[in-house]
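Start at 1 and go down the list; that is how both ligands and their atoms are numbered.
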Amino acid sequence: MKNKINFLDLGTQPLANNYLAKNKSKKRENKYKLIVCFDKVTKLVSIKNTFSSEKMFNNTYPYRSSMSKTMINSFKKLSKIIKNKYKPKKILEIGSNDGAFIKNFKKNLTIGIEPCSNVERITKKLKYNTYSKYWSVNTAKKILTDHNKVDLVYSANTISHIKNLNQVFEAINIVLNEKGIFILEDPSLLECLKNNTYDQFYNEHIYVFSTLGLMNILKKHNLEIFKVERLEIHGGSNRYYIKKNTNSIKLENSFKLAIKEEIKYGLNKISTYKKFANRVKKSKSELITILKKLKRKNEKIIGYGATAKATTILNYCKINNKTIDYFLDTTKEKQNKLMPGSKIPILKYKGNLDSKVKYIFLGAWNFKKEIFLKEKKYIKNGGKFITHTPTPKII
Ligand code: JHZ
């Protein structure tokens, strides 16, 4: 703990994916102090107060990976590369959610691990080989017994959600072939700092990884990153290609470049994070100013995409339903519920936006391209979006 320095305080927050039923709006929510810290030794950035996996990922989990075309296309593209380049006989996905990735493969080729049983049921129904379990050494041993070792492990937006990284990587070593590849994909800390997307921090994102930090933890488990692919997805993610260090694949330039760029930006120094924290404070006051100005003119503002990330912004900036009337979302499990903390209602996205709405707060800013394309009529008719990244503005 001595090595960890707190650098950002995002206030008191509810659990981000804990959408409230309308009749439970008076119920006291579980809240915590969202503080972000930097580990001087490992260079990992993590949140200070965490919840158990059972509290966050259970049989009422609302998030579905298949809700965006961008995600579906990204998984499709990667699957093609995997099939052509690595030709694995067995693939394991950690955090298989509703099957957006594994659906690109034959059923006998993949194994999925998804702890949220309500979500895992979706892939089980489709006859995919999925387990409703948390990723751990015990789960890895079970996979080994049932299937033997695998050639490829893939995990997107999941490893950063697990506190005990040592156990995560120990478990990877159990199931991965000596020549196997582990592909890990998560939001990039560098992009988060560059774009002031402080909403990447919430209870589920225990870590926001840099190549530097991840490399240090992997090293302890004789695992090494040999390639880093930069993705636009989720506002800038890194796809890390990892191997056992007994595997003779050589380190690619992209890995060396990623490290170089992170050091150049200062991801190894606390001063960089302190500067980011100052920018976050400024971002908060600028966003509040924009919203207040619009409300003074009696403008109606709604939200688009009831994301987990939006919960951090709404609660940090103390925005409630006096400012944003409602959020629209395509996810059935979120509709007719209330945003955590701010209690802003979430309505079903039906395709045509209310013509009285001139301003939309972009909760799903990470799918801006997809959403702007979908809403070109609204934009053509003068409709505006409000975003907080890279700096708060109306676009
Ligand atoms: P999206 C979740 O975070 C939780 P969130 C989790 N912790 C994580 O890491 C990421 O996902 C990967 C809606 N939408 O992906 C669908 C529309 O309504 O940014 C989703 O509810 N219309 C596991 O919640 C939300 O927006 C659309 O056109 O921050 C997007 O959520 C589109 C494109 C999306 O993740």
Side-chain angles (χ1 to χ4, degrees), residues 13-19 47 50-51 53 55-58 61-75 93-98 100-101 114-116 119 135 155-163 184-188 192 197-209 231-239 302-315 326-337 339-340 344 346-353 360-376 378-379 385 387-389:
Q13 295 277 350
L15 298 192
N17 261 312
N18 210 5
Y19 299 90
I47 61 167
T50 54
F51 290 86
S53 297
K55 190 128 215 137
M56 300 188 285
F57 310 109
N58 46 44
Y61 196 63
Y63 181 72
R64 303 287 180 271
S65 307
S66 300
M67 279 302 125
S68 107
K69 280 195 188 128
T70 313
M71 290 297 284
I72 291 178
N73 291 340
S74 168
F75 288 138
E93 187 188 13
I94 304 169
S96 46
N97 199 276
D98 59 2
F101 171 73
E114 174 49 58
C116 306
V119 188
W135 182 243
S155 189
N157 304 304
T158 302
I159 303 301
S160 59
H161 298 54
I162 312 175
K163 188 171 182 181
L184 187 166
E185 188 177 315
D186 262 304
S188 146
C192 167
T197 48
Y198 61 88
D199 52 332
Q200 287 290 10
F201 296 104
Y202 54 91
N203 59 298
E204 291 179 15
H205 284 184
I206 297 177
Y207 302 94
V208 176
F209 290 130
L231 308 172
E232 265 186 33
I233 215 141
H234 289 306
S237 294
N238 281 340
R239 185 176 279 158
I302 67 160
Y304 198 115
T307 57
K309 294 182 287 292
T311 288
T312 295
I313 302 179
L314 299 175
N315 290 281
Y326 57 85
F327 267 80
L328 291 174
D329 201 285
T330 49
T331 319
K332 206 172 93 225
E333 288 70 17
K334 296 183 185 179
Q335 293 161 1
N336 299 319
K337 298 221 168 121
M339 289 293 277
I344 300 172
I346 305 165
L347 306 184
K348 182 178 176 174
Y349 173 81
K350 291 186 183 148
N352 44 345
L353 300 168
I360 301 182
F361 173 72
L362 205 46
W365 54 265
N366 44 318
F367 296 122
K368 188 169 114 183
K369 266 193 195 160
E370 180 177 337
I371 292 169
F372 278 23
L373 197 67
K374 202 151 102 181
E375 306 307 342
K376 52 179 189 273
Y378 165 78
I379 297 170
F385 283 92
T387 185
H388 77 299
T389 170

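The cationic group of Lys374 lies under 6.0 Å from the six-membered ring centre of Tyr349 and within 45° of the ring axis, placing it in a cation-pi geometry.
The ring of Tyr378 has its center closer than 6.0 angstrom to the ring center of Phe385.
For Glu333, the side chain to side chain contact (heavy atoms under 4.5 Å, CB included) criterion is met by Pro62, Arg64, Thr331, not counting sequence neighbours.
Between the side chains of Asn97 and Tyr63, no donor-acceptor pair of N or O atoms lies under 3.5 Å.
Counting only heavy atoms from C-beta outward, the side chains of Asn203 and Gln13 never approach each other to under 4.5 Å.
The minimum heavy-atom distance between Ser155 and Ile94, with the atom names listed, is OG-O, 2.9 Å.
Within 4.0 Å of ligand 1, the residues that place a heavy atom are Asn17, Tyr61, Tyr63, Met67, Ser68, Asn157, His161, Tyr202, Glu204, His205, His234, Tyr304, Gly305, Thr307, Ala308, Lys309, Asp329, Thr330, Thr331, Lys334, Ala364, Asn366, Phe367, Glu370, Ile371, Lys374, listed by chain and number.
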